[in-house]
Each structure stands twice: as C-alpha cells, then as structure tokens.
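In what follows, every heavy atom counts, from backbone to side chain, and hydrogens, waters and symmetry copies are set aside. Chain letters run A, B, ... following the sequence lines, proteins first, then strands; residues in each count from 1.
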Number of protein chains: 2
Amino acid sequence: MYLRALIGLAEDGTTTCSSEELAATAGVNSAKLRKDLSYLGSYGTRGVGYDVEYLRYQIAREIGVTHDWPVVIVGIGNLGHALANYSGFRSRGFRVVALLDADPTRHDEVVAGLDVRSFEDLESIVSDNDVSIGVIATPAVAAQAVADRMVAAGITSILNFAPSVLAVPEGVGVRKVDLSIELQILAYHEQRKAVAPGSEDAS
Amino acid sequence: MYLRALIGLAEDGTTTCSSEELAATAGVNSAKLRKDLSYLGSYGTRGVGYDVEYLRYQIAREIGVTHDWPVVIVGIGNLGHALANYSGFRSRGFRVVALLDADPTRHDEVVAGLDVRSFEDLESIVSDNDVSIGVIATPAVAAQAVADRMVAAGITSILNFAPSVLAVPEGVGVRKVDLSIELQILAYHEQRKAVAPGSEDAS
DNA sequence: CTCTGTGAACATTTTCACAGCT
DNA sequence: AGCTGTGAAAATGTTCACAGAG
C-alpha cells in the first residue's frame with residue numbers, strides 16, 4: 001500500500017513527503033505509518049520527512065519486487081481472462097509466463113498475447129521458467145487438484161480465487177481472494193444502516 | 001466464510017457438525033469459531049454440535065443475505081466483464097442490475113445477458129432499482145469521479161477494484177480489493193524463504 | 001521549530017481452559 | 001461423555017505523546 005502510494009506521489013512530481021501526507025495517501029494513521037516504516041529501518045529525515053524515491057526503493061527491495069516474478073495462471077475463464085490482461089501485475093513486477101486450462105477447446109485461444117496451453121504442461125513450464133507463484137482461477141471443485149499439482153511441480157506460493165479452502169503442505173504460502181465475501185461485508189453494513197441508523201464507520 | 005463452509009457441508013449431505021469440523025472446513029481455530037458464533041446467539045446444542053441448515057439460515061439472516069441485493073458495476077473492461085459473469089454473486093444473494101461504462105463504443109455490447117449502458121444512466125438506474133451497492137472496475141484515474149457520482153446518486157456501499165484510495169462522506173462504506181497487493185505479499189514471503197529458509201507459515 | 005522514531009498506553013483479536021447443558 | 005458457550009489470559013495491533021535529530 002505504501003509502495004503504491006509512493007509511486008503515485010512520484011508520478012505527481014513529489015520528491016519529499018511527511019508521514020502525514022503519505023499516511024493520508026495510503027489511507028492510514030500517520031503514527032501507524034511511521035511505526036510500520038520504522039521496522040524497515042530509518043529511512044526518513046527528522047524535521048523534513050521521507051525522500052519519495054529513496055523510500056520507494058527501500059520498500060520495493062524489502063518486499064522483493066525489484067526483480068520480476070514469473071507467474072502461471074490456471075483456469076482461463078472470465079476471471080482468468082481478466083487476470084491475464086490485468087496491467088497491474090506487469091507494472092508491479094509480475095510476469096505472466098503461461099496460461100493453462102484443462103479444457104482442450106480453449107487451447108486455440110490467444111489471451112493477452114499468450115496462447116492458452118494444456119494443464120499437462122505445468123511441470124515443464126514451472127521448471128523452464130523457474131516459476132514459484134501460481135494463480136488459481138478455476139471453479140471451486142478443481143482448485144484443490146490444481147493446487148496439489150502446482151505444489152508437486154515446485155510452486156511454493158498460490159493465489160487462490162476459487163471459493164474453497166486449500167490444503168497445502170507446510171512451507172507453501174496461500175492467499176485467498178473471495179469476491180463475494182467482500183460484497184457480503186458491504187451488504188451486512190447496509191443492513192445495519194437500515195436497521196439502526198447512526199454510528200457507522202467508512203472503512 | 002462460515003456461511004460458505006456451511007453451504008459446502010449442506011451440499012455434501014451433512015446435517016450436523018461440531019465446531020471442530022466447521023472450523024476445519026472454514027480454515028480457522030475451533031475456539032475462534034465458537035466465540036464468533038456466540039455473538040450471534042446460542043444456535044448450537046451442547047454435546048451435539050450445530051445443525052447445518054439452522055445455523056446457515058441464522059448467519060444468512062444476520063449478515064443480510066436472505067434477500068437479494070441489487071448491484072451496479074461501472075467499468076466494463078476485462079475485470080468488469082469477469083465480475084458481470086461471476087456466478088458467485090448471483091448465488092450469494094447479489095443481482096447485477098446494470099453494467100455501465102463511460103466509453104460509448106462499448107454500449108453496443110451485451111455482457112452476461114445485460115447490455116452495457118451509459119454512465120449517464122446511473123442516477124435513474126439507482127433510483128428505479130433501489131440500488132445501494134456499487135462496484136468500481138474502472139482505471140484508477142476514473143475511480144474517484146465514479147465514486148462521487150455514485151454517492152450523489154444515493155449509493156451507500158462501494159466495492160473498489162481500482163488501485164486508488166477513495167474519499168467518501170461519512171456513512172458510505174468502501175471496501176477495496178487490490179489484486180497486485182496479494183501477489184506482492186506472496187512474493188515477499190517467497191523472498192524471505194529464499195533468504196532465510198526455516199520458519200514459515202502457510203496462511 | 002518541524003517531523004521522525006519509538007517506548008508506553010490502549011484497544012482489539014485470538015486462544016486457552018473449563019463450567020455447565022444435553 | 002461430548003461439545004458448546006464464555007470468562008480470563010495471552011498475543012497482537014494501533015494510537016498516543018514526546019525525546020531528540022536535523
């Protein structure tokens with residue numbers, strides 16, 4: 001979040017910023033921002049603030065986005081399509097090296113300049129491109145099998161868009177994005193507003 | 001999460017479950033699950049567990065997904081496309097009533113059985129369908145303007161996929177989904193593994 | 001005099017552990 | 001006997017408030 005905020009400031013031509021400004025841009029409290037950044041080291045200047053470019057580089061280095069990470073996407077339905085075309089990945093240091101789908105009728109398609117390949121090619125793609133991050137955009141029923149195969153092929157981080165909890169071995173990282181849960185959270189607050197109008201936060 | 005886990009159990013024919021089982025399905029600790037559910041009331045039976053259907057209904061009622069929520073999606077690029085077609089919304093009580101895009105060349109298109117309409121129609125659509133939830137899938141630069149217009153039209157909850165922090169009035173709920181941040185978190189853990197192999201969690 | 005970096009205070013979340021219901 | 005519901009404890013996260021650097 002801070003990295004993105006810094007990139008935004010840099011694009012606006014800002015060279016220096018205070019914790020207050022950066023916190024506002026990122027949408028957090030300035031004390032929290034300073035505490036968070038303090039864990040990385042002392043990259044600010046007292047009485048002045050932070051140098052945007054310098055801090056940006058330090059954060060990028062810390063979180064490991066100074067070099068490209070090759071990524072494979074499995075499941076080229078609507079969501080896989082969108083992910084393959086999502087420019088935010090490329091601009092943030094991720095390079096989609098392959099799109100895989102179990103459905104052979106999709107293997108003709110070219111999406112985002114890559115042709116959709118067979119899921120059978122997973123192992124060779126992973127070893128050839130040294131891939132350690134996989135994205136699952138399949139239906140829920142297929143997700144666990146895809147994850148197992150990814151892990152067997154040597155992938156150690158999985159971003160899961162399927163609405164299912166994945167069981168993976170120790171040492172494999174999984175993050176889940178569930179679009180409908182986000183909407184349900186909004187609906188919950190909507191309902192509360194309707195029932196008891198008054199105190200409500202905007203987070 | 002618990003609701004989804006319960007739906008999964010119900011589909012498998014399970015009629016009763018313990019906090020241990022449900023927690024495992026949802027991927028959390030059983031004590032946490034019991035504490036969470038206790039805030040809703042005492043819907044379990046000591047010595048037995050929870051009735052799947054009963055608990056499912058109680059949670060659905062609590063979070064407000066017993067009736068349909070009309071939703072509008074603004075920005076029908078790749079992501080908007082995917083969201084419009086995402087079956088998870090419909091099955092979880094959300095009904096996409098309109099797809100809007102500022103680009104007139106897209107107004108011919110029919111996506112997911114709905115035709116893409118002009119962003120100018122926002123106000124009438126919101127009032128005609130009593131919409132209180134809006135989804136922003138536009139580029140970052142357009143997001144704030146779209147949000148402002150949504151709020152003016154009467155929308156009080158926004159799901160934002162654009163990588164920008166939205167400023168909204170008190171009382172308007174915003175949730176943000178940033179796909180590249182999730183990948184960055186995985187990359188961070190990958191880098192840590194490479195540097196200092198050993199203790200690593202699989203969350 | 002301004003703004004960072006940080007110990008200490010405060011707040012929230014998670015887990016433990018067990019009383020008590022069925 | 002088995003499992004929920006829940007106080008109390010532990011862990012974690014956030015904010016305050018100020019010493020001290022520039």
Side-chain angles (χ1 to χ4, degrees), chain A residues 1-3 5-6 9 14-59 61-63 165 173-176 181 185 188-189 192 199-203, chain B residues 1-3 5-6 9 14-59 61-63 165 173-176 181 185 188-189 192 199-203:
Chain A
M1 280 163 38
Y2 300 150
L3 181 56
L6 284 166
L9 288 175
T14 312
T15 58
T16 289
C17 67
S18 67
S19 61
E20 204 73 54
E21 286 173 81
L22 185 52
T25 312
V28 303
N29 176 297
S30 70
K32 181 176 189 322
L33 177 134
R34 289 200 302 279
K35 176 135 291 193
D36 287 347
L37 294 186
S38 77
Y39 291 113
L40 308 182
S42 293
Y43 297 133
T45 309
R46 293 174 186 221
V48 179
Y50 299 95
D51 181 274
V52 172
E53 275 307 321
Y54 181 57
L55 183 57
R56 173 182 171 177
Y57 173 73
Q58 294 300 336
I59 294 178
R61 189 175 52 79
E62 181 68 25
I63 68 178
V165 175
V174 176
R175 293 200 63 87
K176 192 169 68 180
I181 278 187
I185 292 168
Y188 170 72
H189 288 299
R192 304 263 314 198
S199 59
E200 184 63 34
D201 74 320
S203 65
Chain B
M1 281 163 37
Y2 301 150
L3 181 56
L6 285 166
L9 288 174
T14 311
T15 58
T16 290
C17 67
S18 67
S19 61
E20 204 72 54
E21 285 174 81
L22 184 53
T25 311
V28 302
N29 176 297
S30 70
K32 180 176 191 320
L33 176 134
R34 289 201 302 279
K35 175 134 294 189
D36 287 348
L37 294 187
S38 78
Y39 291 113
L40 308 183
S42 293
Y43 297 133
T45 310
R46 294 175 186 218
V48 179
Y50 298 95
D51 181 274
V52 172
E53 274 308 320
Y54 181 58
L55 183 58
R56 174 182 171 177
Y57 173 73
Q58 294 299 336
I59 294 179
R61 188 175 53 79
E62 181 69 24
I63 67 178
V165 175
V174 176
R175 293 199 63 86
K176 192 169 70 180
I181 278 186
I185 292 168
Y188 169 73
H189 288 298
R192 303 266 311 200
S199 61
E200 184 61 36
D201 74 320
S203 66

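- Atom pair A:Leu55:CG and C:dT4:P shows a separation of 11 Å (rounding to whole Å applied).
- Under 4.0 angstrom from either OP1 or OP2 of D:dT14 there lies at least one side-chain N or O belonging to A:Lys32.
- In this structure, the nucleotide among C:dG5, C:dT4, C:dT22 sitting nearest to the side chain of B:Thr45 is C:dT22.
- Residue B:Glu62 holds its CD atom at 11.0 Å from CG of B:Leu37, rounded to the nearest 0.5 Å.
- Remark: A:Ser18 OG to A:Leu33 CG distance equals 9.0 Å, nearest 0.5 Å.
- In this entry the distance linking CG of B:Asp51 with C1' of D:dC3 reads 15 Å, nearest Å.
- OP1 or OP2 of D:dG5 sits under 4.0 Å from a side-chain N or O of B:Tyr50.
- Considering only heavy atoms from C-beta on, B:Tyr50 stays 4.5 Å or farther from B:Leu6 through its side chain.
- Between A:Glu20 atom CD and C:dC1 atom P there is a gap of 19 Å when expressed in whole angstrom units.
- OP1 or OP2 of C:dC3 has not a single side-chain nitrogen or oxygen of A:Ser19 nearer than 4.0 Å.
- Atom pair A:Leu37:CG and C:dT6:C1' shows a separation of 13 Å (rounding to whole Å applied).
- Residue contacts for B:Tyr39: at a heavy-atom cut-off of 4.0 Å it reaches no nucleic acid atom on any strand shown.
- Of the candidates A:Thr25, A:Thr15, A:Thr16, A:Leu9 forms a side chain to side chain contact (heavy atoms under 4.5 Å, CB included) with just one, namely A:Thr25.
- If you measure from atom CZ of A:Arg34 to atom C1' of C:dC3, you get 7 Å, rounded to the nearest angstrom.
- Set against C:dT22, D:dT15, C:dG5, the side chain of A:Ala31 has D:dT15 as its closest nucleotide.
- Between B:Asn29 and the phosphate of C:dT13, there is no side-chain N or O to OP1/OP2 separation shorter than 4.0 Å.
- Following rounding to the nearest Å, A:Lys35 (NZ) and C:dT4 (P) show an atom-to-atom distance of 15 Å.
- Distance check, rounded to the nearest 0.5 Å: NE2 of B:His189 to CD1 of A:Ile63 gives 11.0 Å.
- The CD-P distance, from A:Gln58 to C:dG5, rounds to 12 Å in whole Å.
- Look at CG on A:Asp36: it is 13 Å from C1' on C:dG5, rounded to the nearest Å.
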